[in-house]
Number of protein chains: 2
Amino acid sequence: MLAATRRNLLLERLRADGRLVAKDLARELGISEDSIRRDLRDLAAAGLCTRVYGGALPASAASSDYATRRSVATDSKRRVAAHASSLIRPGSTVILDGGTTTLELARAIPTGLECEIITHSPTIAAALLDHAASVYLIGGTLYKHSAVAMGAAAAEMAQRVSAELFFLGVVGIHHEAGLTTGDPEEAAMKRLLASRAAETFVLGSSEKLGAAARHVVLPLADVTAVIADPAHDTDLEELGRRTRVIRVP
Amino acid sequence: MLAATRRNLLLERLRADGRLVAKDLARELGISEDSIRRDLRDLAAAGLCTRVYGGALPASAASSDYATRRSVATDSKRRVAAHASSLIRPGSTVILDGGTTTLELARAIPTGLECEIITHSPTIAAALLDHAASVYLIGGTLYKHSAVAMGAAAAEMAQRVSAELFFLGVVGIHHEAGLTTGDPEEAAMKRLLASRAAETFVLGSSEKLGAAARHVVLPLADVTAVIADPAHDTDLEELGRRTRVIRVP
DNA sequence: CAACAACGTGCAGAAACGTGCACACTCTCA
DNA sequence: TGAGAGTGTGCACGTTTCTGCACGTTGTTG
């Protein structure tokens, strides 16, 4: 097995499980723990993961994994979420992607608003329990790190729904790289969900504008608009030439 | 289990419950109280929580709203959940019903235990995000009151799974009325899930023993056993003649 | 004040770690 | 084609870190 392939596998594991135990991986791959440790050391040096005693955690997760981040949404995410929720009309059907920004969007939906929400995120479904909105949950194998249902069963269920709006969460929004995320399977799922809705809006909180990750979800031209809350106005110049941009007040 | 993961879990618990008892967590995670205390000491030193005699409190006082306190399980539910979790063997596949007792059971599963959990409750799926267990989420239309996926899609997905164990939560456990719940559709779903598992265990916390609701889920004879924590020993006399009863210590 | 639980500290065994080294393999260049 | 540099891997060894236990101390409760 190629060392590079193995490192990709490690990163893949980290994303899927949200953690990685050196001993387990060594046994599973039939190589020594030393090699795993060396890999993790290098990946950590490159900022792709965080080393802890016994294994590693995802880069962003040293002291703030998904669990932590979900409770501390930034102001920017909150502003974007608030504006996005105003686009939901009573009686309409909406698909919500997984992630912290879309979770904030779910919370921003008026409690009394009667609409239908489709989501593959159990966290978002749980957040909508006190809302009047009816919820359709897409099931499947749970991806631990991003807390969404994935896999064949999820794809099949997603294939059968349709909606007016889809709110898409991504890792990067870049005028050249387009809309990107860290995992190829997640990218495919997001693409599938986008194909089931008439209009797709991208949630663009400040830290995402100008950023890019490894796997392309969609080109900018394929979405209806980016709901953006830029740190600097210049962030939107290039973007505005490729797609419609809604600037949050 | 990684020490770093454990610390994240402690913080997560603090946020969710608004408090943390060192003794309980030690038993739940299967490690000594010393380690928990050491963790809490370090977390407190980092300003992430406040140390108190017997456990810890969140660093920021604004944490436990009414909603979270409402969902805090009773001691009886915790005892039943703890015993039920000990029935789960490594590598086995388990179906978890929805409800507060099963949620407590999900939390009681050792974080490092490798097994497969099937559930139609998004709340339980979310609670298992930092466990090693892989999670298969059954989707469908969300029933707000009991926070589970229901309907045709859920039934179809449930039909396709199979497992060794099913932990069933009900509203009433009565020697004559049998196992009952408040909603006919829920009763049907619970019946379906029971039919997909080799063995069915009923979670019988004290307030359920002797109670009954309108819709029958199953007769007592159809389940493997009731895991019971009776307020009075007399509650079990009649029950023991109809089915096997496991009394929680 | 007495009984008890929780606490901190020191200690020992276990596990994980980093480092240096030997060996196998690949690639380059003469 | 063969020598040499560079790289990846596994092993051995000493070091660090984690964990549970024992023991004496402090805090809580009745």
Side-chain angles (χ1 to χ4, degrees), chain A residues 1-14 17-59 61-65, chain B residues 1-14 17-59 61 64 72 75 78-79 82 85-86 90 108-114 130-132 249:
Chain A
M1 169 173 227
L2 265 62
T5 311
R6 189 181 59 229
R7 295 190 180 189
N8 277 330
L9 177 71
L10 295 185
L11 289 176
E12 190 71 17
R13 268 319 164 80
L14 272 172
D17 299 340
R19 103 191 56 155
L20 194 155
V21 180
K23 192 176 190 173
D24 295 354
L25 256 290
R27 199 178 43 219
E28 185 178 328
L29 300 178
I31 59 176
S32 75
E33 288 178 50
D34 300 72
S35 296
I36 300 287
R37 271 201 291 271
R38 269 187 273 251
D39 287 342
L40 293 180
R41 187 195 310 166
D42 296 348
L43 290 174
L48 297 170
C49 73
T50 305
R51 199 78 178 74
V52 297
Y53 197 83
L57 296 174
S63 68
S64 72
D65 56 3
Chain B
M1 170 176 211
L2 295 173
T5 310
R6 190 182 58 229
R7 297 189 178 187
N8 278 331
L9 177 73
L10 295 184
L11 289 175
E12 176 65 14
R13 243 357 136 71
L14 272 172
D17 298 342
R19 75 198 146 90
L20 193 155
V21 181
K23 193 175 191 174
D24 293 353
L25 257 291
R27 199 178 41 220
E28 182 178 329
L29 300 179
I31 58 175
S32 75
E33 289 178 49
D34 300 73
S35 295
I36 300 287
R37 270 201 291 271
R38 268 186 273 251
D39 287 342
L40 293 179
R41 187 196 309 165
D42 296 349
L43 290 174
L48 296 170
C49 73
T50 306
R51 201 78 177 72
V52 296
Y53 198 81
L57 295 173
S64 65
V72 170
D75 287 348
R78 237 189 288 271
R79 276 194 296 273
S85 76
S86 72
I109 295 172
T111 328
L113 182 66
E114 307 247 354
D130 35 33
H131 284 61

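Computed over heavy atoms, backbone and side chain alike; hydrogens, waters and symmetry mates excluded. Naming: A, B, ... by sequence-line order, numbering from 1 per chain. Note that the structure is predicted; figures quoted are calculated from it, not measured.
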Participant: For A:Val21, which contact category applies under a 4.0 Å heavy-atom criterion: base, sugar-phosphate, or nothing?
Facilitator: nothing
Participant: Of A:Ala22 and B:Gly55, whose nearest nucleotide on DNA chain C comes first from the 5' end?
Facilitator: B:Gly55
Participant: Output the rounded distance in Å from CZ (B:Arg37) to P (C:dC7).
Facilitator: 5 Å
Participant: Going by salt bridge (Lys or Arg N to Asp or Glu O under 4.0 Å), name the residues that satisfy it together with B:Arg51, two or more places apart in sequence or in a different chain.
Facilitator: none
Participant: Roughly, in whole Å, what's the span from CD1 in B:Ile36 to C1' in C:dG8?
Facilitator: 17 Å
Participant: How close do B:Leu40 and B:Ala56 get, counting heavy atoms only, and between which atoms?
Facilitator: CD2-CB, 3.9 Å
Participant: Mind jotting down which residue pairs meet the side-chain hydrogen bond (donor to acceptor under 3.5 Å, both in side chains) criterion with at least one end in residues 33-42 of chain A? Sequence neighbours excluded, please.
Facilitator: A:Arg6-A:Asp39, A:Arg7-A:Asp39, A:Arg7-A:Asp42
Participant: Over how many whole Å does the gap from A:Leu25 atom CG to C:dA16 atom C1' extend?
Facilitator: 15 Å
Participant: Over all heavy atoms of both residues, which pair between A:Leu10 and A:Leu20 is shortest? Give the atoms and the distance, please.
Facilitator: O-CD1, 3.5 Å
Participant: Between C:dA5 and B:Lys23, is there an OP1 or OP2 to side-chain N/O distance shorter than 4.0 Å?
Facilitator: no
Participant: List the protein contact pattern of nucleotides 15-30 of chain D with one symbol per nucleotide (5' to 3'): B for base contact, S for sugar-phosphate-only contact, - for none; contact means a heavy-atom distance under 4.0 Å.
Facilitator: --BSBBBB----BS--
Participant: Can you measure A:Leu29 atom CG to D:dG8 atom C1' for me and round it to whole angstrom units?
Facilitator: 15 Å
Participant: With a 4.0 Å limit, can you tell me whether A:Arg41 has a side-chain N or O closer than that to the phosphate oxygens OP1/OP2 of C:dC17?
Facilitator: no
Participant: Under the side chain to side chain contact (heavy atoms under 4.5 Å, CB included) test, which residues partner B:Val52, sequence neighbours left out?
Facilitator: B:Leu57
Participant: Are any non-hydrogen side-chain atoms of A:Leu14 and A:Leu43 less than 4.5 angstrom apart?
Facilitator: no
Participant: About how many Å separate CD1 of A:Ile31 and CG of A:Leu25, when rounded to the nearest 0.5 Å?
Facilitator: 8.0 Å
Participant: What's the spacing between B:Leu2 CG and B:Asn8 CG if we round to 0.5 Å?
Facilitator: 10.0 Å
Participant: Checking B:Glu114 now: which residues fulfil side chain to side chain donor-acceptor pair (under 3.5 Å) with it, not counting sequence neighbours?
Facilitator: none
Participant: In degrees, rounded to 10°, what is the bend between the two ends of the helix from C:dC1-D:dG30 to C:dA30-D:dT1, using five pairs at each?
Facilitator: 30°
